[in-house]
Number of protein chains: 2
Amino acid sequence: MDYKSKKVIGMGVVTDLTGLSERQVRYYEEKGLVLPERTKGGSRKYSFHDVERLIEVATKLEDGWRIQDIKERERRLSTKQRDDMIRGQLNSAFRTFPTKK
Amino acid sequence: MDYKSKKVIGMGVVTDLTGLSERQVRYYEEKGLVLPERTKGGSRKYSFHDVERLIEVATKLEDGWRIQDIKERERRLSTKQRDDMIRGQLNSAFRTFPTKK
DNA sequence: CGTGTAAGGAATTCTGACACG
DNA sequence: CGTGTAAGGAATTCTGACACG
C-alpha cells in the first residue's frame with residue numbers, strides 16, 4: 001500500500017487540510033462516502049486519498065448535489081465500469097462480440 | 001509538497017508504524033535527528049519520510065552506533081555533498097577545473 | 001547514553017442529542 | 001437534508017523528573 005492510501009491522518013489534520021468541520025467529515029462518513037479506519041481507542045484515521053475524496057464531496061455539495069445524488073451517480077458509474085470490464089473480457093474470448101456502434 | 005513529506009502523522013501512528021516507544025521518538029527529536037511540526041496545541045506531526053528516518057535511526061542504534069556517531073557521519077556526508085556541488089559549479093564555469101583523477 | 005516509567009495536566013476526539021430551515 | 005453547537009466522557013499526547021546501567 002502506498003502513502004496515498006495509508007490511513008494515518010487524524011481528525012484535526014483532516015479539518016485543516018479540507019477546511020471542513022468535524023461535523024461535516026463525520027456526517028459524510030455516516031452516509032458512507034468515506035470509510036476511515038479506527039484506532040483501538042476509537043479515533044478515526046484517514047488517508048490522503050480520503051482527504052481528496054472529502055474535498056470532492058464537499059465541492060459537489062456546494063454545486064447543488066445532494067449526498068444521495070452523489071452516491072446514486074457513483075453506483076451507476078461503477079455498474080457501467082463492471083459492464084465494460086465484462087464486455088472487454090467477452091471481447092477477448094470471442095473476437096466477434098458487438099461493442100457499441 | 002508530496003504525500004511523503006507532508007507532516008500529518010500523530011505520535012500514536014508513528015509508534016505503530018515504527019515499533020518504537022514514544023520515549024524513543026521524542027529522544028531522537030531532542031537530539032535533532034527528526035524535526036516534526038507541531039499543532040497549535042503542541043502535538044507532534046510527522047511525515048512518512050520522518051517515519052522512515054526514525055526506523056533508519058533505530059536500526060543504526062541496534063547496530064551499535066551512537067546518536068552522536070549518526071549525526072557526525074551525516075554532517076560529514078552533507079559537507080562532502082556541498083563540496084561536490086561547488087566543484088560541479090566551478091566545472092561548468094571554467095571547463096578546466098581539475099576533478100579527482 | 002538511551003530508555004522505561006509514574007504523575008498531572010492540557011489538548012484531542014468521540015457519541016448522542018437538540019436545533020434550524 | 002446538511003450542519004452547528006453545547007455536554008460529558010474517554011483516549012491521546014505533552015513535559016519534567018527520577019531511575020538504571
Side-chain angles (χ1 to χ4, degrees), chain A residues 6-48 50-76, chain B residues 6-48 50-76:
Chain A
K6 212 143 178 37
K7 312 243 177 184
V8 297
I9 308 178
M11 179 59 83
V13 173
V14 166
T15 56
D16 282 354
L17 256 32
T18 61
L20 302 175
S21 66
E22 295 191 9
R23 186 68 166 93
Q24 288 174 301
V25 175
R26 296 204 191 97
Y27 187 66
Y28 301 163
E29 172 185 1
E30 187 182 321
K31 293 308 172 183
L33 294 174
V34 276
L35 301 170
E37 291 182 355
R38 298 275 186 151
T39 64
K40 319 78 205 162
S43 296
R44 274 165 266 248
K45 292 301 170 188
Y46 300 83
S47 65
F48 281 110
D50 290 333
V51 169
E52 294 182 3
R53 166 62 163 167
L54 285 166
I55 293 175
E56 182 202 335
V57 168
T59 302
K60 291 199 171 174
L61 284 175
E62 286 172 6
D63 290 348
W65 292 65
R66 286 175 318 159
I67 288 187
Q68 265 311 317
D69 294 337
I70 299 176
K71 297 190 67 175
E72 255 317 284
R73 172 179 157 285
E74 291 175 356
R75 190 187 58 70
R76 276 196 288 270
Chain B
K6 212 143 177 41
K7 312 242 177 183
V8 298
I9 307 179
M11 180 58 83
V13 173
V14 167
T15 56
D16 282 354
L17 256 33
T18 62
L20 302 175
S21 66
E22 294 190 9
R23 186 69 166 91
Q24 289 174 301
V25 174
R26 296 204 191 97
Y27 186 66
Y28 302 162
E29 171 184 2
E30 187 182 321
K31 295 306 173 183
L33 294 175
V34 276
L35 302 169
E37 292 181 355
R38 298 275 186 151
T39 63
K40 318 79 205 163
S43 297
R44 274 165 265 249
K45 291 301 170 187
Y46 300 84
S47 65
F48 282 109
D50 290 333
V51 168
E52 295 181 3
R53 167 62 163 167
L54 285 166
I55 292 175
E56 183 202 334
V57 169
T59 301
K60 290 198 172 174
L61 285 175
E62 287 171 7
D63 290 349
W65 292 65
R66 285 175 319 158
I67 288 185
Q68 264 312 316
D69 295 336
I70 299 175
K71 297 191 66 174
E72 255 318 285
R73 171 180 156 286
E74 291 176 356
R75 190 188 58 70
R76 275 195 289 270

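Throughout, a chain's letter reflects where its sequence line sits, starting with A, and its residues are numbered from 1.
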Pair assignment for C:dG8, Watson-Crick or G-U wobble, requiring both distances under 3.5 Å: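 D:dC14 - that is the nucleotide pairing with C:dG8, both distances being under 3.5 Å.
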Nucleotide forming a Watson-Crick or wobble pair with D:dG2, both distances under 3.5 Å: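 Result: C:dC20.
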What's the [atom1]-[atom2] distance between [X] and [N], to the nearest Å?
X: A:K60; N: D:dG2; atom1: NZ; atom2: C1'; value: 17 Å
X: B:R38; N: C:dT12; atom1: CZ; atom2: C1'; value: 15 Å
X: A:D63; N: D:dG2; atom1: CG; atom2: P; value: 14 Å
X: B:K31; N: C:dG2; atom1: NZ; atom2: P; value: 7 Å
X: B:I9; N: D:dT13; atom1: CD1; atom2: P; value: 12 Å
X: A:K45; N: D:dT12; atom1: NZ; atom2: C1'; value: 9 Å
X: B:M11; N: C:dT12; atom1: CE; atom2: P; value: 15 Å

Between [X] and [Y] (salt bridge meaning N to carboxylate O under 4.0 Å), is one present in this structure?
X: A:R53; Y: A:E74; answer: yes
X: A:E56; Y: A:R73; answer: no
X: A:R76; Y: A:E72; answer: yes

Tell me if a side-chain donor or acceptor on [X] pairs with a main-chain N or O of [Y] at a distance below 3.5 Å.
X: A:K31; Y: A:K71; answer: no
X: B:K60; Y: B:D69; answer: no
X: B:D50; Y: B:S47; answer: yes

Smallest separation among heavy atoms of A:S21 and A:T15, with atom names: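 Shortest heavy-atom separation between A:S21 and A:T15 comes out as C-CG2, 4.0 Å.
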Closest-nucleotide ordering on DNA chain D, the 5'-leading residue of A:W65 and A:K40: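 The residue closer to the strand's 5' end, by nearest nucleotide, is A:W65.
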Below 4.0 Å: OP1/OP2 of D:dT12 and any side-chain N or O of A:R44: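 A:R44 to D:dT12 OP1/OP2: no side-chain N or O under 4.0 Å.
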Side-chain N or O of B:Y28 closer than 4.0 Å to phosphate OP1/OP2 of C:dG2: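 No, outside the criterion.
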Proximity to the side chain of [X] - top-ranked nucleotide from [options]:
X: A:T39; options: C:dT12, C:dC14, D:dT12; value: D:dT12
X: A:L61; options: C:dG2, C:dT15, D:dT3; value: D:dT3
X: A:Y27; options: D:dT12, D:dT15, D:dG2; value: D:dG2

Proximity to DNA chain D (any heavy atom under 4.0 Å), residues of residues 14-26 of chain A only: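 By residue number: A:S21, A:R23, A:Q24.
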